[in-house]
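Worksheet: the structure to be examined is printed underneath.
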There are 2 protein chains.
Amino acid sequence: MYRIGELAKACNINHDTLRFYEKNALLTPSSRSESGYRLYTEKDKDILEFILRAKNVGFTLSEIKELLSIEVDKANNACADVKTLVDTKLQTVENKLAELIRFQASLKRLSDACCGGEESAEHCTILEALESDTNAVRHEHHHD
Amino acid sequence: MYRIGELAKACNINHDTLRFYEKNALLTPSSRSESGYRLYTEKDKDILEFILRAKNVGFTLSEIKELLSIEVDKANNACADVKTLVDTKLQTVENKLAELIRFQASLKRLSDACCGGEESAEHCTILEALESDTNAVRHEHHHD
DNA sequence: ATACACCTTTGACTTAACTCCAAGGTCAAT
DNA sequence: ATTGACCTTGGAGTTAAGTCAAAGGTGTAT
Ligand SMILES: [Zn+2]
Ligand SMILES: [Zn+2]
Ligand SMILES: [Zn+2]
Ligand SMILES: [Zn+2]
């Protein structure tokens, strides 16, 4: 049996996070002491570690809640259910990835076109690109 | 001169967003009508378009505020200042990118190991991976 | 005159995942 | 008996970038 501080320390998280997980029905301690202290079992700790691993893989807490609901009733859930969650998440990750790659390309294009020197920014190609309605970076008239 | 609704429509944003930008000192209308209506000039519109373009490139509003402060005083700012903002942003984008790529790899590894069939999830490799303390996916004992 | 679209202001709400605070109870050691 | 560490609860604050609502003023067309 772990008290809240012990479990938090063992798993290297804030004890308030445990209270937060409880409030959000991700992890409820198996029992309470007479005086009302939360008491977590080894099994509770296993669930917490499941949560932390899923978080590391990129799942949000509500997705993790879904995963947990399958976990506790594996027999009545199919591989398909689990894989769907993973694949849906994979898709959203890949969408974000695509957006970031567009950001990266735009920023790289801007950065590459600017000399980065101590010259006045009056002819800075970066500012010019952000002022103009095209996205084009014009290299030619950057400082005469 | 544009009234708030006209500018919002012209730039395809919510008029509340314009008020929000004003509150956050990104764009203040050049004048007001006698009755207090906000009046935006063409120049104001240019600034708004600058903001929207910068957003599209991935800058946050506070970063855009910095860019704008350089924009309005180009003569006293150097290319180096502008490029630093872009490169700093590029770095944070690339950091996020790296994290997402890790998520993607983990999820793909999980997904690939699971059959996704209608079999009970009792031996689902995804759940097993999330239960175990290693990150390894064990292909071998997925449904006997 | 009255409908109607448009404008004003203040201020609350949203999402995610915590994080912190205040006021007070519990427990072991001194 | 009194520290001091630990626990309890409820509730507020954080960040980003808006979005919405309420209550009321303005401007124009019929
Ligand atoms: Zn330059
Ligand atoms: Zn430059
Ligand atoms: Zn399977
Ligand atoms: Zn499976």
Side-chain angles (χ1 to χ4, degrees), chain A residues 1-40 44 47-48 50-68 89 92-93 95-96 99-100 103, chain B residues 1-40 44 47-48 50-68 89 92-93 95-96 99-100 103:
Chain A
M1 293 293 207
Y2 301 86
R3 273 173 307 156
I4 195 167
E6 291 166 345
L7 182 58
K9 195 168 184 184
C11 293
N12 202 29
I13 60 173
N14 191 312
H15 73 283
D16 277 329
T17 300
L18 282 171
R19 291 204 339 96
F20 174 75
Y21 286 171
E22 183 174 349
K23 202 172 73 187
N24 288 277
L26 274 124
L27 177 60
T28 305
S30 291
S31 60
R32 294 281 183 132
S33 75
E34 283 194 12
S35 53
Y37 287 16
R38 290 170 177 80
L39 294 175
Y40 297 89
D44 293 335
I47 294 172
L48 177 57
F50 181 102
I51 293 169
L52 297 177
R53 259 175 242 122
K55 244 166 59 80
N56 253 314
V57 169
F59 286 107
T60 65
L61 296 188
S62 76
E63 289 159 348
I64 293 171
K65 204 145 83 175
E66 278 195 80
L67 280 172
L68 282 173
K89 185 63 191 183
T92 73
V93 164
N95 290 346
K96 275 192 201 167
E99 190 188 17
L100 278 184
F103 287 166
Chain B
M1 292 294 206
Y2 302 87
R3 272 174 308 158
I4 195 167
E6 291 167 346
L7 182 58
K9 195 169 183 183
C11 292
N12 201 31
I13 59 173
N14 191 312
H15 72 283
D16 277 328
T17 301
L18 283 171
R19 293 208 337 96
F20 174 75
Y21 286 172
E22 183 175 347
K23 201 173 75 187
N24 288 278
L26 274 124
L27 176 61
T28 304
S30 290
S31 60
R32 293 283 184 129
S33 76
E34 284 193 10
S35 53
Y37 287 14
R38 288 170 178 79
L39 294 173
Y40 297 89
D44 292 336
I47 294 171
L48 177 57
F50 182 102
I51 293 169
L52 298 178
R53 258 175 242 121
K55 244 166 59 80
N56 252 315
V57 169
F59 286 107
T60 66
L61 296 188
S62 76
E63 288 159 350
I64 293 171
K65 203 144 83 175
E66 278 195 82
L67 280 172
L68 282 173
K89 185 66 190 182
T92 72
V93 164
N95 291 344
K96 277 191 200 167
E99 192 187 17
L100 277 184
F103 286 166

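In what follows, every chain begins at residue 1, and chains take the letters A, B, ... in the order their sequences are listed.
The distance from the CD1 atom of B:Ile4 to the CG atom of B:Asp16 is 7.5 Å, given to the nearest 0.5 Å. In this structure, CD1 on A:Ile64 lies 13.0 Å from CD1 on A:Ile47, to the nearest 0.5 angstrom. To the nearest 0.5 Å, the span separating CZ on B:Arg53 from CZ on B:Phe59 amounts to 13.5 Å. One distance of note links CD1 of B:Ile51 with OH of B:Tyr21; it measures 6.5 Å at 0.5 Å rounding.
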Open item on the list: Set out, in order, the CA-CA distance, both residues' side-chain angles and the distance that settles side-chain contact (heavy atoms from CB on, under 4.5 Å) for A:Lys96 and B:Lys96, then state yes or no.
Closed with: CA-CA 10 Å; A:Lys96 275 192 201 167; B:Lys96 277 191 200 167; over 6 Å; no

Task: Footprint string (nucleotides 6-11 of chain C, 5' to 3'): B base within contact, S backbone only, - free, heavy atoms under 4.0 Å - done: BSSBBB

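Protein atom CG of A:Asn24 is 9 Å distant from nucleotide atom C1' of C:dA17, rounded to whole Å. In this structure, A:Lys65 atom NZ and C:dT15 atom P are separated by 13 Å, rounded to whole Å.
Using a 4.5 Å cut-off on side-chain heavy atoms (C-beta onward), A:Leu18 and A:Leu48 make contact. Residues B:Ser33 and B:Arg3 form no side-chain contact, since every pair of their non-hydrogen atoms from C-beta on lies 4.5 Å or further apart. Proximity of A:Leu26 to A:Phe20: side-chain heavy atoms (C-beta onward) are nowhere separated by under 4.5 Å. Using a 4.5 Å heavy-atom threshold, the side chains of B:Lys65 and B:Leu68 count as separate. By the 4.5 Å heavy-atom criterion applied to side chains, A:Asn24 and A:Leu61 are not counted as neighbours.
Residue B:Lys55 is in sugar-phosphate contact alone, with no base atom involved, counting any heavy-atom pair closer than 4.0 Å across all strands shown. B:Thr60 comes within 4.0 angstrom of sugar-phosphate atoms only, judged by non-hydrogen atoms across all strands, and of no base.
One finds no side-chain N or O of A:Ser62 lying less than 4.0 angstrom from the OP1 or OP2 phosphate oxygen of C:dA16.
The two atoms that bring B:Ala54 and B:Leu67 nearest to each other are CB-CD1, 4.4 Å, heavy atoms only.
Taking the salt bridge (charged side-chain N to carboxylate O under 4.0 Å, His left out) definition, one finds that B:Glu99 meets it with nothing, sequence neighbours left out. Taking A:Asn95 as the reference, A:Gln91 meet the side-chain hydrogen bond (donor to acceptor under 3.5 Å, both in side chains) condition, with sequence neighbours excluded.
For the helix from C:dA1-D:dT30 to C:dT30-D:dA1, the axis fitted to the five pairs at one end and the axis fitted to the five pairs at the other end meet at an angle of 40° (nearest 10 degrees).
For DNA chain D, the span of nucleotides reached by chain A at under 4.0 Å from its heavy atoms goes, 5' to 3', from D:dC6 to D:dG11.
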Grab the N/O contacts between the protein and nucleotides 28-30 of chain C below 3.5 Å, and write none if there aren't any.
none

